[in-house]
2 protein chains.
Amino acid sequence: MNLKQLSESLGLSQTTVSRALNGYPEVREETRLRVLAAAEAASYTPNAKARRLATGRAMAIGHVMPLTGKEELVNPIFADFIAGAGEVYAREGYDLLLSMVPAEGTEAAYRQMAANASVDAVMVQAPTMDDPRVPLLQELGLPFLVHGRTGAPEGYSWLDVANIRAFRRATELLLDLGHRRIALINGQESLDFARRRRMGFEQAMGARDIAPNPLWMRSDVMTEQYGYRAACEMLDAHDRPTAFLASSIIPAIGIRRAAGERGLRIGKDVSIICHDDSLSYMGNEGTLAPDGPAFTATRSSIRAAGQRCAEILLSLIDDPTQPPIQELWETDLSLGRSTGPAPVG
Amino acid sequence: MNLKQLSESLGLSQTTVSRALNGYPEVREETRLRVLAAAEAASYTPNAKARRLATGRAMAIGHVMPLTGKEELVNPIFADFIAGAGEVYAREGYDLLLSMVPAEGTEAAYRQMAANASVDAVMVQAPTMDDPRVPLLQELGLPFLVHGRTGAPEGYSWLDVANIRAFRRATELLLDLGHRRIALINGQESLDFARRRRMGFEQAMGARDIAPNPLWMRSDVMTEQYGYRAACEMLDAHDRPTAFLASSIIPAIGIRRAAGERGLRIGKDVSIICHDDSLSYMGNEGTLAPDGPAFTATRSSIRAAGQRCAEILLSLIDDPTQPPIQELWETDLSLGRSTGPAPVG
DNA sequence: CCTTCTCTCCAAAGCGCTTTGGGTTGCCCG
DNA sequence: CGGGCAACCCAAAGCGCTTTGGAGAGAAGG
C-alpha cells in the first residue's frame with residue numbers, strides 16, 4: 001500500500017492525504033480523521049526511502065566507531081553509550097547508522113556521510129586533545145556533538161564529565177586515607193579525558209606537596225590486561241604503591257587480579273579507586289547489605305550520557321544556527337569496598 | 001554535483017553515465033574511462049537516497065538489539081560482534097542500521113523494517129529456544145541469519161558454536177583434574193546456547209556417574225554481580241564446590257572476586273573454566289611467559305563470528321532462494337591459570 | 001451583487017537515480 | 001547493395017513521497 005493507492009481509495013489527492021498524515025493545517029479536521037482511519041486500517045506506512053529523497057532529510061544519525069590499535073579493539077563503553085542514544089533516536093523516529101572503520105579511515109567516512117547526506121548529524125566519541133574531526137565537521141557543515149572535549153573546547157557543542165574534579169577528589173580521598181604512594185593507571189594520553197584526569201591527580205598530589213612517582217603513572221588502552229600487567233610490575237618492584245587510581249573499571253579488574261594473585265587484600269593492603277561508567281554487565285552499584293559496590297569509584301552513567309547526547313544532537317538538527325550547547329556533568333564519588341586506610345610501614 | 005550535471009558536462013545522457021559508473025557493458029570502454037575520470041575530477045558521489053529509492057534496495061542491514069531485563073542491560077558481546085559484522089558491511093558498501101528496542105518491542109521493530117523495506121536483511125542475535133523471530137521473519141520474507149540456534153534449527157540459516165561439545169569437554173577437563181563438586185554458572189536458560197551448555201555439562205557428569213548438585217546450577221543474565229553473588233552463596237555454604245564452569249568471562253570475573261575475598265587461590269583452591277568470546281578489552285589470550293591466559297576457557301572469537309555472519313547474510317541477499325546455510329564452529333579449549341587439580345579433603 | 005478572503009483541496013513538478021525500450025551507426029556477409 | 005547484427009547511446013518512465021502554485025467554494029464585507 002502506497003500513498004497513491006491510499007489516496008485513490010479515499011477519493012482524495014495524494015497532496016491532501018500526505019498533508020493529513022503529516023499534520024499540516026490545510027486539511028479539514030473531519031477529512032484528517034477519515035484519512036488517519038483509512039491509513040490505520042490499511043496499515044499504511046510511508047516509504048522511508050521515498051520520504052528521505054523528497055525531504056532531503058536522512059532521518060538518521062551517524063556514529064563512526066574507529067577500531068583503534070593494531071588489534072582494532074572495540075571499546076565496551078560504546079555499547080552502553082549507543083544504547084542510551086539509540087533509545088532517544090528510536091523515540092524520535094531517527095535511525096542509527098553505525099560505521100565501523102579503521103582509525104585512519106574516519107575522515108573518509110565523515111566526508112562520505114556529508115557528501116551524500118546519508119545522515120543528518122554525527123556523534124563524535126572519544127575526542128583527542130587536538131581532534132581533527134572537529135574542524136573537519138565544521139568544514140563539512142554537518143551538525144555534530146562531541147562526547148567529551150578537545151583541548152580547545154570552544155565553538156562547538158559537547159557534553160563531558162568533570163574529569164579534573166573527579167580525579168582530584170578521588171585522589172584526595174586516598175590521601176585522606178593516608179595513602180602517599182599512589183599509582184595512576186590512565187587511558188591513552190592522546191585522549192583528552194585522560195589528560196584531564198591526570199591533571200586532577202597531579203593537582204591533588206601537588207596540593208599536599210607530594211610528587212607523583214613517574215614510574216607509577218601509566219597511560220594506555222584501557223584493557224584488563226593493561227591494568228593487570230601494570231599492577232604486576234609495580235607490585236613486584238621493591239618500592240610499591242599502596243593505592244591505584246584507574247580510569248576505568250576494566251583495568252581496575254586487572255589490578256585486582258594482580259593484587260589477588262599476590263595475596264594482597266583489596267581495601268586493606270591495596271586500595272583501588274576507578275572511574276565507573278556504570279556498564280550494564282559490570283554493575284558496580286550493588287547496594288545489597290553485605291556487598292556494596294566492589295570498587296570505590298567516581299561514577300557517571302555512560303548510558304545516561306548517551307541519552308542526553310542524543311537529545312542535544314537532535315535539537316542541533318532542528319536549529320543548526322543556535323549557539324553551541326555545552327554540558328559538564330559532575331561525577332558521584334561512591335564508596336565501595338576497594339578502599340581503606342593506607343597500610344602502616 | 002549530481003548525475004544530471006555530470007552527464008551534461010560530458011555531453012552524454014544520464015543513462016550512459018549511470019551505466020558507465022555502474023559497470024554495465026553497453027558502454028564503450030573509452031567512454032567509460034572518460035566518465036570515470038570526470039566523476040573522479042568532480043568528486044561525484046551518487047546520492048544514496050535517490051539510489052535506494054530507484055533500486056528498491058536499502059543497502060543496509062538491520063541489527064535489532066533488545067534491551068533485556070528490567071534494567072535493560074546491554075550485552076557487551078554485542079559490541080564485538082557488531083564490530084566484526086560492521087567491517088564486512090563497510091567493505092561491501094552496506095550500512096548498519098542499529099535499532100535499540102525494549103525486548104517487547106522487537107516484533108514491531110522487525111515489522112517496521114519489513115514494511116518500509118528500510119533494510120535488506122536482518123541479523124538475529126541471542127535466539128531463545130523457541131524464538132518467535134524466526135517464524136516472524138519467514139512470514140515477512142525478510143532474509144535473516146541467526147547467530148546461534150533455536151530449539152528447532154531447521155529451515156533457516158544460522159551460525160553457532162558447538163556449545164554442547166565445548167562444555168562437555170570443559171567439564172571432562174575438570175573431572176580429569178579430580179573435581180567432582182562442580183558448579184555451573186550459566187546464562188539464562190531461555191537462551192538456546194545456555195540450555196546446550198547445560199546439556200554438555202550434564203552429559204560429561206553423567207558419563208562418570210556423577211549427579212550434578214542442583215544447588216550448584218544457576219542460570220541468569222551473565223553479569224559480573226551474578227557470578228559474584230552465586231559464588232558467594234556457594235562458597236559460604238558448608239558444602240561447597242571446588243570448581244566453577246561459567247558461561248562467560250564476565251561472571252567468571254565475579255566468581256574470581258568472590259573467591260579472592262575468601263582467601264581462596266584461583267587454580268589451587270578453586271578452579272574456574274569459562275567460555276571466552278575473546279572480547280577486546282577483556283583479553284584473555286595473554287601468551288606472555290609468566291601470565292598465560294588468566295582463565296582456562298573454551299574460546300571462540302565473537303568478532304570473527306560477526307564477520308562470518310555478515311558474509312553469510314550478504315550472500316543470502318544476493319540469492320534469497322538458496323538453501324539455508326548452517327555453520328557450526330568448534331571452540332578451542334585453551335589452558336590458563338585458573339584450573340588445577342582438585343584440592344584434597 | 002461583486003470583490004476579497006479564508007478554507008480545502010488538487011495537479012503537477014520535483015528529489016536524483018535506475019532501467020526499459022528503443023534509435024543510430026557502422027560493419028559484415030551473402 | 002541491402003539486410004542483419006552488434007555496439008553504443010538516448011529519451012523517458014518510473015521509484016513514492018513532499019511541496020509549490022493555484023483553483024473552487026463559501027463566507028464576509030462594501
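Per chain, numbering begins at 1; letters A, B, ... match sequence-line order.
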From the set [options], return the single nucleotide nearest to any side-chain atom of [X].
| X | options | answer |
| --- | --- | --- |
| A:Glu26 | C:dC9, C:dG16, C:dT19 | C:dC9 |
| A:Ser18 | D:dC17, C:dT20, D:dT18 | D:dT18 |
| B:Asn22 | D:dC9, C:dT18, C:dG16 | C:dT18 |
| B:Leu53 | D:dG16, C:dC17, D:dA11 | D:dG16 |
| B:Ser13 | D:dT19, D:dC8, D:dA11 | D:dA11 |
| B:Asn2 | D:dG16, C:dG16, C:dT18 | C:dG16 |

Any ion pair linking B:Arg111 and B:Glu107 (charged N to carboxylate O, less than 4.0 Å)? yes
B:Arg52 near the nucleic acid: base, sugar-phosphate alone, or nothing, with a heavy-atom cut-off under 4.0 Å? nothing
What is the nucleic acid contact for A:Thr55, judged by heavy atoms within less than 4.0 Å: base, sugar-phosphate only, or nothing? sugar-phosphate
Does the ring center of B:Phe78 lie less than 6.0 Å from the ring center of B:His147? no
With a 4.0 Å limit, can you tell me whether A:Tyr24 has a side-chain N or O closer than that to the phosphate oxygens OP1/OP2 of D:dT19? yes
Would you mind reading off the distance between [X] atom [atom1] and [N] atom [atom2], rounded to a whole angstrom?
| X | N | atom1 | atom2 | answer |
| --- | --- | --- | --- | --- |
| B:Leu10 | D:dC10 | CG | P | 10 Å |
| A:Arg19 | D:dT19 | CZ | C1' | 7 Å |
| B:Arg51 | D:dG16 | CZ | P | 18 Å |

Classify the side-chain pair B:Tyr89/A:Ser99 by whether it contains a donor and acceptor separated by less than 3.5 Å. no
If you take atom types as modelled and just measure distance, does the side chain of B:Thr15 reach the base of C:dT19 with a donor-acceptor pair under 3.5 Å? yes
For the student: nearest non-hydrogen atoms of B:Asp192 and B:Gly151, plus distance: OD1-N, 3.8 Å
